[in-house]
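Working notes, beginning with the structure itself.
To find a chain, count down the sequence lines: A is the first, B the second, and so on, and within it residues start at 1.
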Number of protein chains: 2
Amino acid sequence: MYTVTSLKAELHERGWRLTPQRETILQIFQNLPTGEHLSAEDLHVLLQQDGDPISLSTIYRNLKMMSRMGILRELELAEGHKHYEINQPAPYHHHHLICVRCNKTTEFKNDSILKMGAKTAQKEGYHLLDCQLTIHAICPSCQRSILPM
Amino acid sequence: MYTVTSLKAELHERGWRLTPQRETILQIFQNLPTGEHLSAEDLHVLLQQDGDPISLSTIYRNLKMMSRMGILRELELAEGHKHYEINQPAPYHHHHLICVRCNKTTEFKNDSILKMGAKTAQKEGYHLLDCQLTIHAICPSCQRSILPM
DNA sequence: TTAAGTGCAAAAACTTTGCATATTT
DNA sequence: AAATATGCAAAGTTTTTGCACTTAA
């Protein structure tokens, strides 16, 4: 799990810097309840409400950077834009089941999937950052509904 | 695997229609080599080149519809927009390994993942449409490179 | 001190929508 | 004939970028 100190060290390794904005963003995600995820816009609004605003462009730049470092996971759920959450190892690591009709999103755990993903990455010589199984399906309630699509 | 006939039947079931545009789009994806995927824009250009143009809005509407029917898979690769491919069962079913630095995308197969996904969906009473494991990682060549990010 | 990062505003990229017309059933 | 689908143009959403200024190291 990332701490401000380990983030700082890893940034310095690459010639980058620890800014108050990066520290704030890391803390927000670390304190987010498991299973919650934020979009760039969500984070922007949240920070404004907290009286600690960060510009949207900085948010976008840092969300991308932290995903590419493996600190955050970039989730493509059903809302039409990306969501982010902290990237945790087993046993906190999880996957998503999404209803394509009502967009209901459920988490589920399955540690053998992470193991398989790690094995696949290793076999190809890749350095693993994240591994997520996304299931698109129709939930029980939408199966019963007679609404179109 | 979908044929024009089965597509027609399934559309009719829901009060929808088989149009030449839908038939064309289905055929394009059926004839696409395994592992190739198209964005809405790719498909638009391809159809224009073939002298059989379809408007972008119709393309967007039908890609979404066919994904929600389980005919196509919606892929979130590294390009910043969705790509689509035909949704095939095992043993053609596959997953994606993506380098977050150079965006190189590799397919891999693992039928037990599809089985696990199916089991998860079933356990929750969901009707499965698609199930994809996406691995974000850094490829061997980018690990060696000294370029930033 | 100097290279990296931020904020702002503008632009770019992608996707959806309203509406008149055309088409499937 | 009636309802769905298409094409066009316009609008909406999300994300990126250029640049002057600021700041971490």
Side-chain angles (χ1 to χ4, degrees), chain A residues 4-5 7-26 37-45 47-48 51-69 72 74-84 100 103 146-149, chain B residues 4-5 7-26 37-45 47-48 51-69 72 74-84 100 103 146-149:
Chain A
V4 171
T5 312
L7 172 62
K8 187 169 186 173
E10 187 161 337
L11 287 168
H12 284 185
E13 242 174 57
R14 312 187 190 197
W16 300 338
R17 296 170 183 180
L18 181 64
T19 61
Q21 289 86 342
R22 289 176 179 171
E23 206 172 319
T24 300
I25 293 173
L26 177 63
H37 27 68
L38 301 174
S39 66
E41 186 60 32
D42 291 340
L43 182 54
H44 189 227
V45 169
L47 289 165
Q48 280 183 319
D52 191 8
I54 298 181
S55 79
L56 245 190
S57 17
T58 296
I59 288 176
Y60 272 108
R61 284 187 279 237
N62 284 322
L63 289 178
K64 180 180 270 188
M65 186 204 71
M66 290 165 88
S67 301
R68 291 162 75 123
M69 289 175 77
L72 299 180
E74 205 171 70
L75 309 177
E76 191 61 40
L77 305 177
E79 293 82 356
H81 51 258
K82 291 177 180 130
H83 279 237
Y84 296 83
V100 300
N103 293 351
I146 45 170
L147 293 168
M149 303 267 297
Chain B
V4 171
T5 312
L7 173 61
K8 189 171 186 172
E10 186 160 339
L11 287 167
H12 284 184
E13 240 174 60
R14 311 189 190 196
W16 300 338
R17 295 170 183 180
L18 181 64
T19 62
Q21 289 86 344
R22 288 175 180 173
E23 207 172 319
T24 301
I25 293 173
L26 177 63
H37 29 68
L38 301 174
S39 66
E41 185 60 33
D42 292 340
L43 182 55
H44 189 227
V45 169
L47 288 165
Q48 281 183 319
D52 190 8
I54 298 181
S55 79
L56 246 190
S57 16
T58 296
I59 288 176
Y60 273 109
R61 283 187 279 238
N62 284 323
L63 289 178
K64 180 181 271 190
M65 187 203 71
M66 291 166 89
S67 301
R68 291 162 73 121
M69 290 175 75
L72 299 180
E74 207 171 70
L75 309 176
E76 192 60 40
L77 304 177
E79 292 83 356
H81 51 260
K82 290 173 182 135
H83 279 236
Y84 296 83
V100 300
N103 293 351
I146 45 170
L147 293 168
M149 303 271 294

- Message: Looking at D:dA24, I'd like to know if its phosphate oxygens (OP1 or OP2) sit under 4.0 Å from a side-chain N or O belonging to A:Thr19.
- Response: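 A:Thr19 to D:dA24 OP1/OP2: no side-chain N or O under 4.0 Å.
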
- Query: At under 4.0 Å, does any side-chain N or O of B:Gln21 touch on OP1 or OP2 of D:dG7?
  - Reply: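 Answer is yes, contact under 4.0 Å.
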
- Selected nucleotide, minimal atom distance to B:Asn62 side chain, candidates D:dT6, D:dA5, D:dA24: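 When the side chain of B:Asn62 is considered, D:dT6 is the closest of D:dT6, D:dA5, D:dA24.
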
Please report, rounded to the nearest Å, how far the [atom2] atom of [N] is from the [atom1] atom of [X].
| X | N | atom1 | atom2 | answer |
| --- | --- | --- | --- | --- |
| A:Asp52 | C:dT6 | CG | C1' | 14 Å |
| B:Ile54 | D:dA5 | CD1 | C1' | 12 Å |
| A:Glu76 | D:dT14 | CD | P | 12 Å |
| B:Arg22 | D:dG7 | CZ | P | 11 Å |
| B:Lys8 | C:dT23 | NZ | P | 16 Å |
| B:His12 | C:dT23 | NE2 | P | 17 Å |
| B:Leu7 | C:dT25 | CG | P | 11 Å |
| A:Asp42 | D:dT14 | CG | C1' | 13 Å |

Protein N or O to nucleotides 1-3 of chain C N or O, pairs below 3.5 Å:
| unit_1 | atom_1 | unit_2 | atom_2 | d |
| --- | --- | --- | --- | --- |
| C:dA3 | N3 | A:Arg17 | NH1 | 3.0 |
| C:dA3 | N3 | A:Arg17 | NH2 | 2.8 |

Kindly write out the residues that satisfy side-chain contact (heavy atoms from CB on, under 4.5 Å) with [X], not counting sequence neighbours, or none if the list is empty.
| X | value |
| --- | --- |
| B:His81 | B:Ser39, B:Glu79, B:His83 |
| A:Thr24 | A:Ile28, A:Leu47, A:Asp52, A:Ile54 |
| A:Ala78 | A:Ile98, A:Asn103 |

Taking the side chain as C-beta and beyond, is there a heavy-atom pair between [X] and [Y] under 4.5 Å?
| X | Y | answer |
| --- | --- | --- |
| B:Met69 | B:Leu7 | yes |
| A:Arg22 | A:Leu11 | yes |
| B:Leu43 | B:Leu63 | yes |

- Does A:Glu10 have any salt bridge (charged side-chain N to carboxylate O under 4.0 Å, His left out) partners at least two apart in sequence or in another chain, and if so, which?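 Counting only residues at least two positions away or on another chain, A:Glu10 forms a salt bridge (charged side-chain N to carboxylate O under 4.0 Å, His left out) with A:Arg14.
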
- Task: State which residues pass salt bridge (charged side-chain N to carboxylate O under 4.0 Å, His left out) with A:Glu23; sequence neighbours excluded, sorted by chain then number.
- Result: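 With sequence neighbours excluded, A:Glu23 shows a salt bridge (charged side-chain N to carboxylate O under 4.0 Å, His left out) to no residue whatsoever.
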
Mind checking side-chain hydrogen bond (donor to acceptor under 3.5 Å, both in side chains) for [X] and listing every partner two or more places apart, or none if nothing turns up?
| X | value |
| --- | --- |
| B:Thr58 | B:Ser55 |
| B:Ser57 | none |
| A:Glu74 | A:Tyr84 |

- Message: When the axes are fitted on five pairs at both termini, how much does the helix from C:dT1-D:dA25 to C:dT25-D:dA1 curve, in 10° steps?
- Response: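 End axes: 50° apart.
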
- Message: One character per nucleotide, please: for nucleotides 8-16 of chain C, 5' to 3', B when the base has a protein heavy atom closer than 4.0 Å, S when only the sugar-phosphate does, - otherwise.
- Response: BB----SBB

